[in-house]
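Single-structure report; data block below.
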Amino acid sequence: MVMASRRFLWLAAFALAFSAFAGAGHASESEKMHAEPQADRPLGVVELFTSQGCSSCPPADAFFAELATKDDIVALAYHVDYWDYLGWKDTLSRKENTERQYDYMRAFGSRSVYTPQAVLNGRIHVNGANRTEVDGALARMARSGEGMRVAIKVSRTSDRVIIDAGDAGTGPSDAHVVIVYFEPPQTIKIAQGENSGRKMTYWNAVTGIQTAGMWHGKAQRYELPISEIVKKGGCAVLLQSAGKDGMPGPILGAAFIHKP
């Protein structure tokens, strides 16, 4: 009886220890899952401001090409026009892209713009060629609640695209529903300027931005004619809060709108 009791107590202690260990493992896994993107919430949004005429941009463009192929990143490239005077006019540059970068400059309280600049989740900016900073900042924001907090689901019928924005819960309760159009990947041979002789493939070069509506913190549905999506190379939706004087603020949710 004594030996049996001791054996019973030993087994009970072992079971308790194993249970505690397993519980700790489950908690760790739960935390890990909390930090990972959900199906309707990507890890984050990377907006790269770049130029074919900037000698510092090719490493950032190459890194961006990697980001653009990831399912959990909404990656958008804004080619700016202020380096065109260096001897090569960026074939993908648009004045509106430069204006968006200047809007971010004012929102961040900066005094100048630069390339390659990566704006992450509309909240911070880093050197777009520094993958350690980009990857680290996206992971930190996902863990701290500064990632994609609002679910965005995209569906379609025969004649329209339907965008369902989820409920905010807590935090900012007003945002713009921003539609961003972009080009499919294309290879450009640069004949002049600082990158003369290079052949670069550019991904998700933005061609247009429009505001489709307002979101006020509660679940809401928006519709777009599918004809607008079909004739574009690619399309994404950003749920972006507006800062002071209408400047772009934090991006709360995002998704790609895939063509039929």
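This chain uses plain numbering: 1 for the first residue, then up along the sequence. Note that these values count all heavy atoms, side chains included, but never hydrogens, waters or copies made by symmetry.
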Open item on the list: Is it the case that atom CH2 in Trp83 sees more than 12 heavy atoms from other parts of the structure closer than 6.0 Å?
Closed with: no
Open item on the list: Using every non-hydrogen atom in the two residues, find where Leu86 and Gly53 come nearest and quote the distance to one decimal.
Closed with: CD1-O, 3.6 Å
Task: Beyond-backbone contact of Leu48 with Trp203, side-chain heavy atoms, under 4.5 angstrom - done: no
Open item on the list: Can you confirm whether Thr91 sits close enough to Gln52 that some side-chain heavy atom of one is under 4.5 Å from a side-chain heavy atom of the other?
Closed with: yes
Open item on the list: For a 4.5 angstrom cut-off between non-hydrogen side-chain atoms, does Val113 reach Tyr82?
Closed with: yes
Open item on the list: A side-chain contact here means heavy atoms from C-beta on lying under 4.5 Å apart; do Trp215 and Ile163 qualify?
Closed with: no
Open item on the list: Taking atom CG as the centre, does Asp159 end up with more than 12 heavy-atom neighbours from other residues, nucleotides or ligands that are less than 6.0 angstrom away?
Closed with: yes
- [ ] Ignoring hydrogens and angles, tell me if any N or O in the side chain of Thr50 forms a donor-acceptor pair with the backbone of Pro116 under 3.5 Å.
- [x] no
Task: Contact list for residues 126-147, test ring-ring contact (aromatic ring centres under 6.0 Å, His included), sequence neighbours left out - done: none
Task: Polar side-chain atom of Arg123 near backbone of Pro250 as donor-acceptor pair, under 3.5 Å - done: no
TODO: Determine whether the aromatic ring centres of His125 and Phe108 lie less than 6.0 Å apart.
DONE: yes
Open item on the list: Quick one about Tyr102 and Arg106 (side-chain donor to acceptor, distance below 3.5 Å, no hydrogens or angles considered), yes or no?
Closed with: no
Task: Residue pair Val134 / Val126: nearest heavy atoms and the distance that separates them - done: CG2-CG2, 3.7 Å
Task: Pair listing, salt bridge (Lys or Arg N to Asp or Glu O under 4.0 Å) test, anchored in residues 78-93, at least two apart - done: none
Open item on the list: With a 3.5 Å distance limit and no angle check, can you tell me whether Asn127 reaches the backbone of Ala129 through a side-chain donor-acceptor pair?
Closed with: yes
Task: Whether His79 and Tyr202 hold their rings parallel, tilted or perpendicular, with breakpoints at 30° and 60° - done: perpendicular
Open item on the list: Donor-acceptor check, side chain of Ser196 to backbone of Gly193, threshold 3.5 angstrom: yes or no?
Closed with: no
TODO: Indicate yes or no: at least one non-hydrogen side-chain atom of Met200 is less than 4.5 angstrom from one of Asn195.
DONE: no
Open item on the list: So which atom in Met148 and which in Pro42 form the shortest heavy-atom distance, rounded to 0.1 Å?
Closed with: CG-O, 3.2 Å
Open item on the list: Treating Tyr222 as the side-chain partner and Met214 as the backbone partner, does any N or O pair qualify as donor plus acceptor under 3.5 Å?
Closed with: yes
Open item on the list: Can you give me the closest heavy-atom contact between Ala255 and Val154, atom names plus distance?
Closed with: CB-CG2, 4.1 Å
Name the atoms and distances for all side-chain donor-acceptor pairs under 3.5 Å in residues 175-192, with sequence neighbours left out.
residue	atom	partner	partner atom	Å
Tyr181	OH	Gln210	OE1	3.4
Thr187	OG1	Thr201	OG1	2.8

Task: Test item: Glu96 and Ile209 side chains (from C-beta on) under 4.5 Å apart, heavy atoms - done: no
- [ ] Kindly indicate whether the side chain of Val46, heavy atoms from C-beta on, has any atom under 4.5 Å from the side chain of Val74.
- [x] no
Task: Distance-minimising heavy-atom pair for Gln240 and Gly122 - done: NE2-CA, 4.4 Å
